[in-house]
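What follows is one structure encoded as structure tokens, with my remarks underneath.
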Amino acid sequence: MTFSDVIEAIKSLSSEEKLEIQLLLQQYLREERREEIYQNFQAAQVEHQNSELKFSSNIEELRQLLEE
């Protein structure tokens, strides 16, 4: 099934069914974003354990870290 097939199928649904799809999509997107945040958290933990994270309150030093 192609994306355009899905769109056409959605067009034929009732308003109530379209709202349900909207709610489901929002839920799926939230879950995906949570998983992405969790993966980033895990990667940061590994970097921290390997002493690869650098911290600074000096703005110039932070700019240099961003350029690396």
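Hydrogens, waters and symmetry mates are skipped; everything else that's a heavy atom, side chains included, is used.
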Looking only at atom types and distance, does a side-chain atom of [X] sit under 3.5 Å from a main-chain N or O of [Y], one as donor and one as acceptor?
X   : Y   : answer
N40 : I37 : no
E17 : S14 : yes
N50 : V46 : yes

- Message: For the residue pair E32 / Y28, report whether a side-chain donor-acceptor contact shorter than 3.5 Å exists.
- Response: no
- Message: Could you check whether Q49 and Q45, counting side-chain N and O atoms only, form a donor-acceptor pair closer than 3.5 Å?
- Response: no
- Message: Taking side-chain contact (heavy atoms from CB on, under 4.5 Å) as the criterion, tell me which of L19, L24, L25 meets it with Q22.
- Response: L19
- Message: Surrounding CD of E31 (heavy atoms of other residues, nucleotides or ligands, distance under 6.0 Å), is the total greater than 12?
- Response: yes
- What heavy-atom pair brings K18 and L13 nearest, and what distance separates the two atoms? CE-O, 3.2 Å
Could you tell me the separation between the [atom1] atom of [X] and the [atom2] atom of [Y], rounded to the nearest 0.5 Å?
X   : Y   : atom1 : atom2 : value
H48 : F41 : NE2   : CZ    : 10.0 Å
T2  : E8  : OG1   : CD    : 9.0 Å
L66 : R63 : CG    : CZ    : 9.5 Å

- Under the side chain to side chain donor-acceptor pair (under 3.5 Å) test, residues paired with E52 that sit two or more places apart: none
- Item | Same apolar cluster: I10 and M1, side chain cutoff 4.5 Å | yes
- Measure the shortest side-chain to side-chain distance between Q39 and E35 over non-hydrogen atoms and say whether it is less than 4.5 angstrom. yes
- Does the side-chain contact (heavy atoms from CB on, under 4.5 Å) test come out yes or no for Q64 and E60, once each step is laid out? CA-CA 6 Å; Q64 288 176 351; E60 291 304 319; 5.5 Å; no
